[in-house]
K.L.:
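Here's a structure for you.
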Amino acid sequence: MKIIYMDHNATTPLDAEILEAMMPYLTNKFGNPSSSTHAYGWEARRAVDEARSQVAELIGAHPEEIVFTSGATEADNLAIKGVAHAYRDRGNHIITSQIEHKAVLETCKFLEKEGFKVTYLPVDRYGMVDPEKVRGTITDRTILISIMFVNSEVGTIEPVEKIGEIAREKGVLFHSDAVQGAGKIETKVDKLKTDLLAISGHKMYGPKGIGALYLKKGVKIEPLLHGGGHERGLRAGTENVPGIVGLGKACQKAGRVMDEEAERLTKLRNRLYQGIMNRIKRVYLNGHPEKRLPGNLNLSFEFVEGESLILSVKNFAISSGSACTSSSLESSYVLLAMQVPEALSHCSLRICLGRSNTEEEVDYLIEELSKNVARLREMSPLYKEV
Ligand SMILES: *Cc1c(COP(=O)(O)O)cnc(C)c1O
């Protein structure tokens with residue numbers, strides 16, 4: 001029995017076309033881009049350059065503004081620590097939100113140990129950051145604002161454009177973790193008004209272990225790694241050429257199919273949502289009803305343990321809360337920040353549809369969920385009382 005994959009916010013499968021583009025660089029085109037004296041090196045350098053242009057094109061940047069990293073975790077670290085350490089003489093205050101990915105939250109926590117002050121802004125019940133709260137928190141010591149573009153758990157699209165406007169007006173640098181937006185919805189750095197922006201290969205049908213940081217021309221950062229001066233001295237280490245080629249191709253393909261796919265996934269997601277709401281009572285949507293990622297649905301099923309529900313629909317790969325926290329029984333910190341009541345945050349499912357999913361699969365999931373929610377509720381003493 002094939003398990004139907006509906007966890008595309010955690011990772012995506014590697015697209016066959018992308019693997020094909022990578023293959024030569026895993027085999028006979030093995031040169032080091034830094035080898036400038038022979039054709040093996042030139043060939044690898046050309047491949048890296050081409051990929052850099054492809055990444056830049058997807059986000060509306062210049063190729064020189066792209067720094068390849070080992071993924072978005074590193075890109076977020078490089079952005080936040082990099083700015084903090086480069087602009088330390090200007091101030092020590094950073095603004096972020098309570099619902100960021102751990103790659104941002106833990107980096108900020110680490111900087112607090114070095115004496116930086118961090119404001120973790122709350123969100124409303126839809127998981128939305130209020131730009132006016134950002135404005136109100138800026139002081140003359142603020143050096144960086146870091147707010148994600150799309151939340152990976154609840155799919156809410158943040159008002160990044162407005163926050164970027166405020167940051168510019170106040171002369172504060174603005175970083176956005178755009179991992180969940182890039183390649184799925186339009187993600188253009190000039191429109192979003194970001195100075196730094198992080199993306200990841202494996203969230204957009206590319207390989208794992210590769211990502212990129214957009215660094216606007218003129219913005220200084222202190223590198224994390226020191227060594228051979230790769231990536232204009234900002235990220236030392238021999239380039240992951242196959243990974244970089246894969247990320248470039250992933251960006252190119254995403255740019256090509258994005259609009260059509262976003263429309264298809266929105267329809268599919270709405271079909272799933274309507275189907276569930278028609279068949280099952282006491283289900284609550286987490287995240288913004290309209291301003292959300294096309295394929296994402298995050299639902300709380302009252303009187304059902306999320307873990308038991310997931311186990312009962314075992315033909316589907318879906319997650320409860322965030323992929324990083326689902327091994328513990330703690331409620332998701334994102335749902336807690338949204339003030340979702342504890343009883344509902346424990347019974348949430350995150351379903352993320354992607355390129356491979358079909359109407360038949362969605363209908364099958366609706367069927368399985370309604371059957372199993374009914375069965376599990378029959379066993380719940382709390383449910384019998386109502
Ligand atoms: C997956 C993810 C990351 C981490 O990306 P990696 O490339 O796996 O390090 C960071 N931020 C968000 C929002 C993510 O979804």
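Note that the structure is a prediction, hence the values are computed from the model and not measured. Values reported hereafter were calculated over all heavy atoms of this structure, with side chains retained and with hydrogens, waters and symmetry mates removed. We count residues from 1, following the sequence as given. Both counts, for ligands and for their atoms, begin at 1 and track the order of listing.
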K.L.:
Do NZ/NE/NH1/NH2 and the carboxylate oxygens of E114 and K81 come within less than 4.0 Å?
P.N.:
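Not counted as a salt bridge, because no side-chain N and carboxylate O are separated by less than 4.0 Å.
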
K.L.:
Taking a cutoff of less than 4.0 Å between a non-hydrogen atom of the residue and any ligand atom, is H202 in contact with ligand 1?
P.N.:
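Flag set, H202 near ligand 1.
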
K.L.:
As an exercise, identify every atom of ligand 1 less than 4.0 angstrom from a heavy atom of G71.
P.N.:
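The atoms of ligand 1 under 4.0 Å from a heavy atom of G71 are 7 (O).
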
K.L.:
Rounded to the nearest 0.5 Å, how far apart are CG of L353 and OG1 of T266?
P.N.:
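Reported to 0.5 Å precision, the distance equals 10.0 Å.
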
K.L.:
Are any of the N/O atoms on M148, whether in the backbone or the side chain, positioned under 3.5 angstrom from an N/O atom of ligand 1?
P.N.:
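For ligand 1, there is no N or O atom that lies under 3.5 Å from one belonging to M148.
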
K.L.:
Atom 4 (C) of ligand 1: which protein heavy atom is closest, and how many Å away?
P.N.:
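The answer is T73 OG1, 3.5 Å.
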
K.L.:
Between S152 and ligand 1, find which residue part has any heavy-atom pair under 4.0 Å and reply side chain, backbone, both or neither.
P.N.:
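Looking at S152 and ligand 1, just side chain atoms fall under 4.0 Å.
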
K.L.:
Atom NE2 in H8, atom OG in S152: separation rounded to 0.5 Å?
P.N.:
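H8 atom NE2 to S152 atom OG measures 15.5 Å (nearest 0.5 Å).
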
K.L.:
Specify side chain, backbone, both or neither for E74, according to which of its non-hydrogen atoms lie closer than 4.0 Å to ligand 1.
P.N.:
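Answer for E74: neither.
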
K.L.:
Show the atoms of ligand 1 that are less than 4.0 angstrom away from any heavy atom in S200.
P.N.:
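By the 4.0 Å cutoff, the relevant atoms are 5 (O), 6 (P), 7 (O).
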
K.L.:
Can you pull out the closest protein heavy atom to atom 6 (P) of ligand 1? Residue, atom name and distance to 0.1 Å, please.
P.N.:
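For atom 6 (P) of ligand 1, the nearest protein heavy atom is A72 N, 3.5 Å.
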
K.L.:
Using only atom types and a distance under 3.5 Å, with no angle test, would you say the side chain of S176 pairs donor to acceptor with the backbone of I147?
P.N.:
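Flag set: sc S176 to bb I147 pair under 3.5 Å.
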
K.L.:
Which residue supplies the protein heavy atom nearest to atom 14 (C) of ligand 1, what is that atom called, and how far is it?
P.N.:
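Going atom by atom, the protein heavy atom closest to atom 14 (C) of ligand 1 ends up being K203 NZ, 3.0 Å.
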
K.L.:
Do side-chain atoms of R292 reach the backbone of H288 as a donor and acceptor pair under 3.5 angstrom?
P.N.:
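Such a contact is found between R292 side chain and H288 backbone.
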
K.L.:
Look at the side-chain heavy atoms of Ile, Leu, Val, Met, Phe, Trp and Tyr, link any pair under 4.5 Å apart, and say whether V373 and L285 land in one connected group.
P.N.:
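Yes, one cluster joins them.
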
K.L.:
Got the closest protein heavy atom to atom 11 (N) of ligand 1, with its distance?
P.N.:
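Result for atom 11 (N) of ligand 1: D177 OD2, 2.6 Å.
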
K.L.:
Treating R279 as the side-chain partner and L369 as the backbone partner, does any N or O pair qualify as donor plus acceptor under 3.5 Å?
P.N.:
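Side chain of R279 to backbone of L369, a donor-acceptor pair under 3.5 Å: no, none is there.
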
